[in-house]
Amino acid sequence: MATMTSLIGLINKIQRACTVLGDHGGEGLSLWEALPSVAVVGGQSSGKSSVLESVVGRDFLPRGSGIVTRRPLVLQLHKTEDGQEYAEFLHIPRKRFTDFVAVRKEIADETDRITGKTKQISNIPIQLSIYSPNVVNLTLIDLPGLTKVAVEGQHESIVEDIENMVRAYVEKPNCIILAISPANQDIATSDAIKLAREVDPAGERTFGVVTKLDLMDKGTNAVDVLEGRSYRLQHPWVGIVNRSQADINKNVDMIVARKKEREYFETSPEYGHLAHKMGSEYLAKLLSQHLELVIRQKIPSIIALINKTIDELNAELDRIGRPIAVDSGAQLYTILEMCRAFDKVFKEHLDGGRPGGDKIYGVFDHQLPAALKKLPFDRHLALKNVQRVVTEADGYQPHLIAPEQGYRRLIDGSISYFKGPAEASVDAVHFVLKELVRKSIVATEELKRFPTLSNDIATAANESLERFREESRKTVLRLVDMESSYLTVEFFRKIHLEPEKNPNAPNAPNRGGAPIDNYTDNHLRKIGSNVNAYIGMVCETLKNSIPKAVVYCQVREAKRSLLNRFYIQVGRKEKLGTMLDEDPALMEKRAQLAKRLELYKQARDDIDSVAWK
């Protein structure tokens with residue numbers, strides 16, 4: 001079995017480390033909270049400070065009226081064997097205080113540093129370790145005194161604020177409650193007992209302390225309380241005799257005060273039979289023994305919490321990424337892994353595994369057809385425009401049979417309108433792809449730690465998309481130009497043969513279109529109708545071929561070679577470390593996680609090494 005000294009000392013060490021790393025709160029139960037400790041609770045002027053100083057054997061706490069303790073004081077006592085006596089504050093590492101007057105001043109100054117020279121409170125603890133041959137190994141948390149009324153200079157909420165702070169400590173299942181009540185006050189109205197009863201109704205975690213026994217009215221005593229008849233607890237009540245104000249003013253040594261306290265109980269007719277379990281020295285030993293027992297009982301749950309937290313810390317470090325090696329090979333590997341992770345997410349967006357890729361189909365299924373329907377063919381093939389184009393195409397010599405040049409000009413003019421929707425489709429898909437690049441950068445968890453690399457990848461991807469867009473634009477414009485460069489002759493041959501199917505029909509035009517009808521309205525309408533029919537055929541062709549070209553030049557290439565040029569640039573780059581610059585906040589987070597992980601591993605090893613000896 002571990003000795004009391006080694007086990008409590010180990011817990012003190014772990015608690016100090018937790019405080020350094022800020023691991024003493026937050027969601028769930030932290031390691032700091034899981035480690036048993038003793039919270040000192042009492043109303044203002046209940047004698048809390050005197051009890052603590054008696055346990056320590058030193059006069060070191062600030063004194064005054066009203067709220068003196070305005071921040072929790074985590075007091076860790078370490079028994080020394082070499083006779084040395086000194087104090088250390090966690091916020092001033094490596095500085096030893098041998099003058100306890102200076103300790104008192106530092107507590108007051110450090111309190112003011114957070115709360116200002118006001119009467120406000122703060123839940124940020126001060127951590128003080130005292131090493132002395134006159135103490136037992138023990139951790140005590142001195143909390144602000146409970147009060148019922150706000151005084152001048154305090155917020156109206158101060159009463160509730162103090163109670164909430166104290167409650168936050170004592171409601172933890174591993175907290176031992178040291179409830180301080182003055183003997184000259186009815187125990188039924190004790191603030192400390194009232195709060196302890198609420199959070200520990202069975203009294204399993206509560207130790208009752210009665211102070212100021214020597215100040216009770218003549219003829220009265222606290223025997224009923226000390227013997228558990230007034231209010232029963234699972235643990236014994238302990239009586240304390242505080243130093244008198246005269247002793248405090250005379251700076252009577254605490255060791256001398258302890259001796260006077262022992263003499264008081266031994267010679268007291270009321271308390272003589274209880275003298276062996278009264279006084280600050282007995283209280284300290286009682287708490288130390290119980291704390292060691294609780295620690296031993298809690299070891300399995302503490303180890304379970306430590307293992308659970310180690311797993312969580314490792315998972316979080318894996319999520320944000322482990323530190324990168326400094327050699328170029330490892331850096332290149334990391335960059336390529338980041339690129340592959342991004343490329344995977346980008347392809348998932350395109351292929352439907354993630355949202356966004358469907359917008360490309362929307363361009364082809366809705367936007368392109370709608371744009372084609374809005375083209376001004378009605379205006380271009382209006383009667384007057386057809387007449388103008390045909391007449392201009394004939395020049396000084398009108399056409400003999402059919403106005404072929406007029407047909408060609410009307411068709412060329414109509415086909416040129418397809419360039420707008422074709423280019424608009426290219427641009428629309430380009431903007432969809434750019435947005436998918438942005439979303440993929442954001443969605444790639446591995447990239448979040450490397451803002452510079454994220455920016456480089458996004459820039460390279462967008463540059464590639466610009467190249468793909470330019471190639472796609474050229475391709476769709478070629479498709480449109482192809483329709484102008486060679487007309488489908490078979491279409492017009494069929495039109496030419498149509499009149500022969502019913503040559504006797506009323507108002508049938510001459511075969512091939514007689515010159516005498518060249519400029520009649522019916523003849524012009526027929527030309528416009530023929531051109532419109534041809535353009536309709538071309539429209540159906542382009543409505544199918546433009547999406548193929550866009551997908552081939554932009555979407556397909558984006559899936560195949562979005563970062564190909566970036567890979568070449570990375571391969572030629574000599575200093576890759578600059579690309580792996582991390583967000584300082586992330587680096588700080590990783591460092592804190594690593595420190596916490598090391599703390600928990602060390603705590604587990606230390607507890608294993610001493611707990612079962």
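Remember, it's a predicted structure, so these values are computed and weren't measured experimentally.
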Short side-chain donor-acceptor distance under 3.5 Å, Glu446 and Thr444: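 Absent: no donor and acceptor within the cut-off.
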
Residue pair Arg70 / Thr115, side-chain donor-acceptor N/O under 3.5 Å: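 Short answer, yes.
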
Salt-bridge contact [X]-[Y] (side-chain N to carboxylate O under 4.0 Å):
X      : Y      : result
Glu598 : Lys601 : no
Lys105 : Asp109 : yes
Glu435 : Arg438 : yes
Arg94  : Glu88  : no
Lys448 : Glu445 : yes
Glu316 : Arg319 : yes
Arg262 : Glu266 : no

Answer yes or no: does atom NZ of Lys277 have more than 12 heavy-atom neighbours from other residues, nucleotides or ligands under 6.0 Å?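 No, because the 6.0 Å sphere around NZ of Lys277 holds 12 heavy atoms or fewer from other groups.
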
With a 6.0 Å cut-off (strictly less than), is the heavy-atom count around CZ of Arg229, excluding the residue itself, greater than 12?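 Buried by this count: over 12 neighbours within 6.0 Å.
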
Name all pairs fulfilling the salt bridge (charged side-chain N to carboxylate O under 4.0 Å, His left out) condition that reach into residues 180-198, sequence neighbours left out, sorted by first residue then second.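 Of all non-adjacent pairs touching residues 180-198, those that pass salt bridge (charged side-chain N to carboxylate O under 4.0 Å, His left out) are Lys148-Asp191, Arg167-Glu198, Lys194-Glu198.
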
Inter-residue atom distance Ser37.OG - Leu291.CG, 0.5 Å rounding: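 The OG atom of Ser37 sits 7.5 Å away from the CG atom of Leu291.
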
State, with a plain yes or no, whether a side-chain heavy atom of Leu77 is found less than 4.5 Å away from one of Thr139.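 A side-chain contact is absent here, since even the closest heavy-atom pair is not under 4.5 Å.
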
Taking the six-membered ring for Trp, are His290 and Phe207 ring centroids under 6.0 Å apart?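 Ring-ring flag for His290/Phe207: true, centres closer than 6.0 Å.
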
Testing the basics here: between [X] and [Y], what is the closest heavy-atom pair and its distance to 0.1 Å?
X      : Y      : result
Ile306 : Arg604 : CG2-CB, 3.8 Å
Ala222 : Tyr271 : N-OH, 2.9 Å
Phe342 : Leu447 : CB-CD1, 4.0 Å
Glu85  : Ser132 : OE2-OG, 3.1 Å

